[in-house]
Visitor: 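Take this structure first; my questions come after.
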There are 2 protein chains.
Amino acid sequence: MTRSEENYLKTIFHLGGGDSKSITTNAIAEQMETKPSSVTDMAKKLSEKGLVDYVRYQGVSLTGAGVKTALSIIRKHRLWEVFLVEKLDFTWDEVHEVAEQLEHIKSEKLIDKIDELLEFPKYDPHGDPIPTKDGKFQERDEKLLSEMPINSKGICVGVKDSSVPFLKFLDKNKIALGNTIKVMDKEDFDNSLRIQMEGKEMRISHQIASNLYVKKND
Amino acid sequence: MTRSEENYLKTIFHLGGGDSKSITTNAIAEQMETKPSSVTDMAKKLSEKGLVDYVRYQGVSLTGAGVKTALSIIRKHRLWEVFLVEKLDFTWDEVHEVAEQLEHIKSEKLIDKIDELLEFPKYDPHGDPIPTKDGKFQERDEKLLSEMPINSKGICVGVKDSSVPFLKFLDKNKIALGNTIKVMDKEDFDNSLRIQMEGKEMRISHQIASNLYVKKND
DNA sequence: AATTAAATTTAGACAAAACTAAAAATAGGT
DNA sequence: ACCTATTTTTAGTTTTGTCTAAATTTAATT
């Protein structure tokens, strides 16, 4: 497994090619900021290795082996993110770039020990689930804040957009994972929300609300 | 800085090319298990970048910038080794391979935080000094056990050979860094030593004694 | 069913890092 | 000073991953 191969598998998984849905070369190229022709080359190689099914002009989807490999990389990425935040005081907007490098370190013992050190976390700093060693996902019953009905309560458990600007915005506005949320009111005009977060009232744009995951209470 | 460039600089430093001594391409090739012709190519590239002085048919030596870069990689390698042993319960014979990968992670913040987490260790698990952030070495007054006079005492502080077999041998014989050592007697015949280690008497071959560093007490 | 626009693949090239085999330079011994 | 063995470099290939530009296939529209 080269680093490049691993990055392709990860991207295909994230684009939804895990459940045998076919992902186009263009979509992969755009996501990875490379050219479609490069993707074609890699598709052939990964197909040779039995990690993806590739049909010319149709796209690629991960095989069982491909999913397994992708999950192991995602697992490493997310565990390293937790490590950086929990043990080294990184902020959640700083971890992605470094984890992109650390996820390629080849040592099963290393990642298992990191997992143990962190006491087997189930979610990463952005609320994304960490696959278990045997590739199982800890799915959670969550919905977007923008889809919560008025008067419903919940806990903020994840972000959909984990870009640096969005995360910094959340920090600035004291919106953090784990916070309690109650939807007070919706504004028809611009779809903004009036919410209570940890008891304090605030107004939130639709943009923001549609990028925050909430676990419903009642 | 590519990974390969970093590995060359590190090797040149270890072969003694830090103090402007010229190291031959052959020596580098042997150390890195590659071919002299490959070394020549890299020597030209590193010379272009101002990291080594290279004279055809004469060899290479590190420039100031080259030494600085080499030390920063060695620093990272050794700090990661300490991390693996102290925080993840790796044994001292398991750390090298993984540290070889981790040393190439690019993030100044990461290594500084690891340093802090470990409380700024001065030596790695094999007793090798860890360069400071500004490239200074913590040299220690140490000598090989084989060179200690009879009746002198000291503390075992490092290994010269840090190969897996040697380290495992030391473990098996309960020889560890930090142990007190007293040289009782030398055998002229085979240069073996009779020593007291942590109070217990044992016999040690010249082979072993010439790969253990000791800090003299008196 | 034909045409056209968009997506995708092919073909050929390049850069990095390595290798092999052949050529060139150095150093040692007489 | 010359010859020879060794070391080192050069020249030409290979592999991996990328690119551009041209060719092909698919899909959408009429």
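In what follows, every heavy atom counts, from backbone to side chain, and hydrogens, waters and symmetry copies are set aside. Within every chain, numbering begins at 1; the chains are lettered A, B, ... in the order of the sequence lines, protein sequences first and strands thereafter. Given the structure is predicted, the values throughout are model-derived calculations rather than measurements.
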Visitor: Under the 3.5 angstrom rule, does the side chain of B/Thr63 hit a backbone N or O of B/Gly50 as a donor-acceptor pair?
Guide: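 Checked: pair present.
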Visitor: Are there any protein N/O atoms within less than 3.5 Å of an N/O atom in nucleotides 23-27 of chain C, and if so, which ones and at what distance?
Guide:
{"residue": "C/dA25", "atom": "O4'", "partner": "B/Tyr57", "partner atom": "OH", "Å": "3.3"}

Visitor: Output the distance between atom CZ (A/Phe169) and atom CD1 (A/Ile175), rounded to the nearest 0.5 Å.
Guide: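 It comes to 5.5 Å.
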Visitor: Find the distance B/Arg3:CZ to C/dA18:P and express it as a whole number of Å.
Guide: 12 Å
Visitor: Strictly by side-chain hydrogen bond (donor to acceptor under 3.5 Å, both in side chains), give each pair with a member in residues 80-91 of chain A just once, sequence neighbours left out.
Guide: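 Found A/His77-A/Glu81, A/Glu81-A/His126, A/Thr91-A/Asp93, A/Thr91-A/Glu94.
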Visitor: In whole Å, I'd like the distance from the CG atom of B/Asp41 to the C1' atom of C/dC19.
Guide: 10 Å
Visitor: Measure the spacing between CD of B/Gln31 and CD1 of B/Ile23 and express it to the nearest 0.5 Å.
Guide: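 Reported to 0.5 Å precision, the distance equals 10.0 Å.
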Visitor: Using a strict threshold of under 4.0 Å (side-chain N to carboxylate O), is an ion pair present between B/Lys216 and B/Glu147?
Guide: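 B/Lys216 and B/Glu147: not salt-bridged.
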Visitor: In whole angstrom, give the distance that lies between atom CD of B/Glu30 and atom P of D/dT7.
Guide: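 About 10 Å, once rounded to whole Å.
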Visitor: Are A/Glu6 and A/Lys106 ion-paired here, with the side-chain N under 4.0 Å from a carboxylate O?
Guide: yes
Visitor: Looking at D/dT8, D/dT9, C/dT8, which one has an atom nearest to any side-chain atom of A/Thr25?
Guide: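 Shortest atom-to-atom distance from the side chain points to C/dT8.
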Visitor: Please determine if A/Lys113 forms a cation-pi arrangement with B/Phe90, meaning its NZ or CZ atom is less than 6.0 Å from the six-membered ring centre and no more than 45° off the ring axis.
Guide: no
Visitor: With the side chain of B/Met42 defined as its heavy atoms from C-beta on, choose the nearest nucleotide among D/dT8, C/dA7, C/dA18.
Guide: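 Of all the options, the side chain of B/Met42 is nearest to C/dA18.
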Visitor: Tell me which residues in residues 4-11 of chain B put a heavy atom below 4.0 Å from DNA chain C, sorted by number, or none.
Guide: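 Contacts with DNA chain C under 4.0 Å: B/Ser4, B/Tyr8.
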Visitor: Taking only heavy atoms on the protein side, list every residue of residues 32-40 of chain A lying under 4.0 Å from any atom of DNA chain C, sorted numerically.
Guide: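 Nucleic-acid contacts, sorted: A/Pro36, A/Ser37, A/Thr40.
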Visitor: Taking salt bridge (Lys or Arg N to Asp or Glu O under 4.0 Å) as the test, write out the residues that go with B/Asp115, two or more places apart.
Guide: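 B/Asp115: salt bridge (Lys or Arg N to Asp or Glu O under 4.0 Å) contacts with B/Arg75.
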Visitor: Test of understanding: with side-chain contact (heavy atoms from CB on, under 4.5 Å), list the residues that count as partners of B/Tyr57, not counting sequence neighbours.
Guide: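 None.
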Visitor: Between A/Asn26 (CG) and D/dT25 (P), how many Å, whole number?
Guide: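 Computing the A/Asn26:CG to D/dT25:P distance gives 18 Å.
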Visitor: Does a side-chain N-to-carboxylate-O contact under 4.0 Å join B/Glu100 and B/Lys10?
Guide: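 Yes, this pair counts.
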Visitor: Do B/Ser163 and B/Asp161 get their side chains close enough for a donor-acceptor pair, meaning under 3.5 Å?
Guide: yes
